[in-house]
Protein chains: 2
Amino acid sequence: MKTTEPHQSEHEHEHQSSSHNHNDCIDSALATAETLCVQQGQRLTKVRRRALELIWESHRPLGAYQLLAKLAEEGFNSAPPTVYRALDFLLAAGLIHKVESMNAYLGCAHADKAHKGYFLICDDCHNVMEFDYQDIHTALIAKAAQQGFELRAETIELTGLCSKCKSKAAGAIA
Amino acid sequence: MKTTEPHQSEHEHEHQSSSHNHNDCIDSALATAETLCVQQGQRLTKVRRRALELIWESHRPLGAYQLLAKLAEEGFNSAPPTVYRALDFLLAAGLIHKVESMNAYLGCAHADKAHKGYFLICDDCHNVMEFDYQDIHTALIAKAAQQGFELRAETIELTGLCSKCKSKAAGAIA
DNA sequence: TAGATTTTGTTATGATATAACAAGTCAAAC
DNA sequence: GTTTGACTTGTTATATCATAACAAAATCTA
């Protein structure tokens, strides 16, 4: 494994960090989304745009029906296909990820860069940190190729205890 | 990444390989299950044992309700809790894995060895190959630790085209 | 603006999973 | 060998996640 690459950690993005203004993330994500959609001749309609915002406003992965409820509150249609269509669009555009082990959806922090969505999911506070790790990606491609397997998509979801909850747990014992 | 370990591929297990007798796998898996349960003071009851066999008899991951239908045919109770209880037991005992991206369950080929369930899932034929890859595991632990994250479980599900389906696709074009 | 394409509305249903509590089974302690 | 307690299973109901199918509306393009 190469370890000489610079910036291997540059893509970390912690949702709900107390040290960042989440509004900036949302604004940036929406701006990126607009740009990408225009570039690709895709229509970021009202419901799609608002769905994306709501996903970003949530600090943790949002379930489809949670999102649907929020959309319904705002006057959008409240039938399931509404939300699943929006989610399908956003997933296809790479603007969100689905966390398979939670059946929930999360804003993608770097939709404009080709990347894989790898996640660290805290069992305790349920916050999710997306990370990018080119070395893992490269190793997985090679491993798959050994089996004659051509990789198309990767679901990498790691669960455990985040640093905050680990400290909290340690404090509780002491 | 260490590359000097021998046998880094020794755990590959392809379900539904034409070149192996799947019955041997089932027998072996069941024998291992019996042993493990006895060792751990767990009861491999009729329904749990039969559920495990049925999962193994299926050549690809089996959905909970597919399994429930098979159990019902054999006179077991046909209500969902029956199958989910069996699945929960088998998962907790490490005898099966859940493939999150498919909502389906797969026999674990090496329940007696500590390992992580990593999967290659063919988009075309839907066969699943479980693989073990210590180097990835080690790298992920290290990566998580960098973020102060203590890893507990890993969901690694890779989708794409298996070698057979790749050949088939190439043949169709030619 | 006509026709084609895409998006949304609407109704219904399918698929996956759990809650809650009652009844039965088993094994160890008495 | 019966009681006791833990574990397992039965049963009913419901929660949660997702899609099919077709009609209506909006938007793009020629």
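Just so it is clear: chains get the letters A, B, ... in the order the sequence lines come, proteins before strands, and each one is counted from 1.
Taking atom CZ of residue Phe76(B) and atom P of nucleotide dT11(D), one finds them 14 Å apart after rounding to whole Å. Rounded to an integer number of Å, the gap from Gln40(A) CD to dC28(D) P is 17 Å. Note: CE (Met102(A)) to C1' (dT16(C)) measures 17 Å, nearest angstrom. The interatomic distance linking Leu87(A) (CG) with dT16(D) (C1') rounds to 15 Å, in whole Å. Atom-to-atom, CG of Leu90(B) to C1' of dT8(D) comes out at 14 Å; the value is rounded to the nearest Å. Across the protein-nucleic acid pair, Leu67(B) atom CG and dA17(C) atom P stand 12 Å apart, rounded to whole Å. Atom-to-atom, CG of Leu68(A) to P of dT8(C) comes out at 14 Å; the value is rounded to the nearest Å. The CG atom of Leu44(B) sits 13 Å away from the C1' atom of dT8(D) (whole-angstrom rounding).
Contact between the side-chain N/O atoms of Tyr84(B) and the OP1/OP2 oxygens of dT9(D) is not found at any separation under 4.0 Å. At the phosphate of dA17(C), OP1 or OP2 sits under 4.0 Å from a side-chain N or O atom of Tyr105(B). At dC17(D), none of the side-chain N or O atoms of Tyr65(A) fall inside 4.0 Å of OP1 or OP2 (strictly under the cut-off). An OP1 or OP2 oxygen of dT16(C) is reached within less than 4.0 angstrom by no side-chain nitrogen or oxygen of Asn103(A).
Lys98(A) comes within contact range of the sugar-phosphate backbone alone, with a heavy-atom separation under 4.0 Å but no base atom that close. Base engagement by Asn77(A) is indicated by at least one non-hydrogen atom pair under 4.0 Å involving a base atom.
Counting heavy atoms from C-beta outward, Ile136(B) and Lys143(A) have side chains that stay 4.5 Å or more apart. Leu36(A) has its side chain out of reach of Val38(A): every pair of non-hydrogen atoms, C-beta onward, lies at least 4.5 Å apart. Residues Glu157(A) and Ile121(A) are in side-chain contact: their nearest non-hydrogen atoms beyond the backbone lie under 4.5 Å apart. Considering only heavy atoms from C-beta on, Phe119(A) comes within 4.5 Å of His97(A) through its side chain. Using a 4.5 Å heavy-atom threshold, the side chains of Asp27(B) and Leu30(B) count as separate.
Between Asp124(B) and Lys168(B) there is a salt bridge, with a side-chain nitrogen of the basic residue lying less than 4.0 Å from a carboxylate oxygen of the acidic one. Salt-bridge annotation for Glu57(B) and Arg50(B): present, with a side-chain N of the basic residue lying under 4.0 Å from a carboxylate O of the acidic one.
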- request: Determine, stepwise, if the pair Tyr118(A) / His137(A) fulfils ring-ring contact (aromatic ring centres under 6.0 Å, His included).
  value: CA-CA 10 Å; Tyr118(A) 296 168; His137(A) 178 57; 7.1 Å; no
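Closest of all the heavy-atom pairs between Ser101(B) and Thr155(A) is CB-OG1, 4.5 Å. Pro80(B) and Tyr65(B) make their closest contact through CG-OH, 3.4 Å (heavy atoms, listed as atom of the first residue, atom of the second, distance). His126(B) approaches Pro61(B) most closely through the heavy-atom pair O-CD, 4.1 Å.
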query: Going 5' to 3' along nucleotides 20-25 of chain D, which nucleotides have protein heavy atoms under 4.0 Å from the base (write B), which only from the sugar-phosphate (write S), and which from neither (write -)?
result: BBB---
- line: Protein-proximity profile, nucleotides 24-30 of chain C, B/S/- by nucleotide at the 4.0 Å heavy-atom cutoff, equals --S----
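Tyr105(B) pairs in a side-chain contact (heavy atoms from CB on, under 4.5 Å) with only one of the listed residues (Leu52(B), Val83(B), Leu91(B), Val99(B)), which is Leu91(B).
Residue-to-nucleotide proximity on DNA chain C shows that, of Gln66(B) and Gln42(A), the 5′-proximal contact is made by Gln42(A). Toward the 5' end of DNA chain D, the nearer of the two residues Thr82(B) and Gly63(A), judged by each one's closest nucleotide, is Thr82(B). Toward the 5' end of DNA chain D, the nearer of the two residues Lys46(B) and Pro80(A), judged by each one's closest nucleotide, is Lys46(B).
Rounded to 10 degrees, the angle separating the terminal axes of the helix from dT1(C)-dA30(D) to dC30(C)-dG1(D) is 30°, with each axis obtained from five end pairs.
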